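Worksheet: the structure to be examined is printed underneath.
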There are 2 protein chains.
Amino acid sequence: MELMSNGRTLPLVSYLARSGWRALDTSAQPGDITHRQLLALTLLKERGDLAQQDITRVFGLDASNVVGLLNELEERGLVLRRRDEADRRRHIVALTGEGALMLERTFTRLASIEDELLHALTSQERETLHHLLLRVATSD
Amino acid sequence: MELMSNGRTLPLVSYLARSGWRALDTSAQPGDITHRQLLALTLLKERGDLAQQDITRVFGLDASNVVGLLNELEERGLVLRRRDEADRRRHIVALTGEGALMLERTFTRLASIEDELLHALTSQERETLHHLLLRVATSD
DNA sequence: TATTGTTATACTCTATAACTATA
DNA sequence: TATAGTTATAGAGTATAACAATA
């Protein structure tokens, strides 16, 4: 089997991810959401309403953890759970208006963190990076 | 302040990082190292011998956690700690031959994981991704 | 006094197993 | 029987505080 990759890229990705969400969480003010909550809200924003099962699968998390994560968000009114009338075992999770607002606010916080972390790259290079990562993420 | 970034890239980075190290750890055979240990060995390979303080700073981890991480690696003979004779408070951490071997073996494992995760990208696009991330990582 | 590394401890994140309600 | 979600619990990962040795 001929491999195109050499295993050197993923550690760099991991390093950047750690730097990013540490910066996000340590710069958080009271009331701000964590990077974990941000990922959940982002997923709902991008894909629309989802069953918890879907969130579990996309995140690769155990279902029991997703319960806790959604509890945090629902208590703060950022998401809403309702029964799926077609299959009453399912909970459909939806982003609320308040959740969408919090998401935008968090992206603004994140933008200044990205600016610092990616300061070595030009605006065009950041575009390239973003599009490559987007294609990777949407290729499942 | 005019920002060049919009905060949308870091969540993608985070998603890819999670996918990567989950694949690495769940595909691990007995005797394989974890992604956390891989990051430590990689750092030593790239930068040569380091004081624990340096590892702490680069990883952004608390010093107490680095102690435990290095204990694991030292027990398995993958790194070696020695006192710095010039400043006897310091421990100098060095990669052993066995550690370097384990590192190469883990990169091979990681290469096939990268091949799966990055299958949407051409060989040249992976090169581009790697070089962009490398410039980000070495711009501190 | 300040710094490097260590230990003890608590909090967060995650996985596993057993359970309830519904299909 | 099988599946979606939940609860209880245990194991990693991480931060904080107090300490010993050395500067």
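Computed from a prediction, not measured in an experiment: that's the story for all the values here. First the proteins, then the strands, lettered A, B, ... as listed; each starts at 1.
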- request: Start with the C-alpha gap between B:Glu127 and B:Leu121, add the side-chain angles, then the distance that decides, and say whether side chain to side chain contact (heavy atoms under 4.5 Å, CB included) holds.
  value: CA-CA 10 Å; B:Glu127 280 283 323; B:Leu121 303 185; over 6 Å; no
- prompt: Stepwise, does the side chain to side chain contact (heavy atoms under 4.5 Å, CB included) test hold for A:Glu125 with A:Leu129?
  reply: CA-CA 6 Å; A:Glu125 285 170 333; A:Leu129 178 63; over 6 Å; no
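Out of D:dA23, C:dA15, D:dT6, the shortest distance to the side chain of B:Arg22 is found at C:dA15. In the set D:dG5, C:dT6, D:dT14, the nucleotide with an atom closest to the side chain of A:Gln52 is D:dG5. Closest approach to the A:Ala51 side chain among D:dG5, D:dA23, D:dA15 is made by D:dG5 (side chain taken as heavy atoms from C-beta onward). Nearest to the side chain of A:Arg89, among D:dT3, D:dA15, D:dT7, sits D:dT3. Checking D:dT6, D:dA21, D:dA15 against every side-chain atom of B:Asn65, the shortest atom distance belongs to D:dA15.
Checking A:Leu41, A:Thr34, A:Thr42 one by one against A:Leu38, the side-chain contact (heavy atoms from CB on, under 4.5 Å) holds for a single residue, A:Thr42. Checking each of A:Arg90, A:Arg57, A:Arg81 against A:Gln52 for a side chain to side chain donor-acceptor pair (under 3.5 Å) leaves exactly one that passes, namely A:Arg81.
B:Arg47 has no carboxylate O lying under 4.0 Å from a charged side-chain N of B:Asp54, or vice versa, which leaves the two without a salt bridge. Ion pair A:Asp49/A:Arg82 flagged as a salt bridge, since at least one NZ, NE, NH1 or NH2 atom sits closer than 4.0 Å to an Asp/Glu carboxylate oxygen.
Here C:dC13 presents its P atom at 7 Å from CD of A:Glu72, a figure rounded to the nearest Å. Between the CG atom of A:Leu69 and the C1' atom of C:dA15 there is a distance of 15 Å, rounded to whole Å. Atom-to-atom, CD1 of A:Ile92 to P of D:dA4 comes out at 12 Å; the value is rounded to the nearest Å. As a whole-Å value, the separation of B:Trp21 CH2 from C:dC13 P is 12 Å. Rounded to whole Å, atom P of C:dT14 lies 5 Å from atom CG of A:Leu61. Counting to the nearest Å, the P atom of C:dC13 and the CG atom of A:Leu70 are 14 Å from each other. Taking atom CD1 on B:Ile33 and atom P on D:dG13, their separation rounds to 13 Å, with Å as the unit. Distance CZ (A:Arg83) to C1' (D:dT6): 10 Å, rounded to an integer number of Å.
Between A:Arg36 and C:dT14 there is a side-chain N or O to OP1 or OP2 distance below 4.0 Å. At D:dG5, one or more side-chain N or O atoms of A:Gln53 fall inside 4.0 Å of OP1 or OP2 (strictly under the cut-off). Phosphate contact (OP1/OP2 of C:dT14, side-chain N/O of B:Arg18, threshold under 4.0 Å): present.
Nucleic acid contact class of A:Arg81 (heavy atoms, under 4.0 Å, all strands): sugar-phosphate only. Residue A:Asp62 is classed as a base contact, given a heavy-atom separation below 4.0 Å to a base.
Comparing A:Glu85 and A:Ala63 by the nucleotide of DNA chain C that holds the closest heavy atom to each, the one mapping nearer the 5' end is A:Ala63.
When the local axes at the two ends of the helix from C:dT1-D:dA23 to C:dA23-D:dT1 are compared, using 5 base pairs at each end, they differ in direction by 0° after rounding to 10°.
Donor-acceptor pairing under 3.5 Å, judged by distance alone, is absent between the side chain of B:Arg90 and the base of C:dT4. You won't find any donor-acceptor pair under 3.5 Å spanning the side chain of A:Arg88 and the base of C:dT22, going by distance alone. Not a single donor-acceptor pair, N or O on each side, falls under 3.5 Å between the base of C:dT14 and the side chain of A:Ser64.
Residue A:Leu95 holds its CG atom at 10.5 Å from CG of A:Leu50, rounded to the nearest 0.5 Å.
A donor-acceptor pair shorter than 3.5 Å can be found between the side chains of B:Ser5 and A:Arg126.
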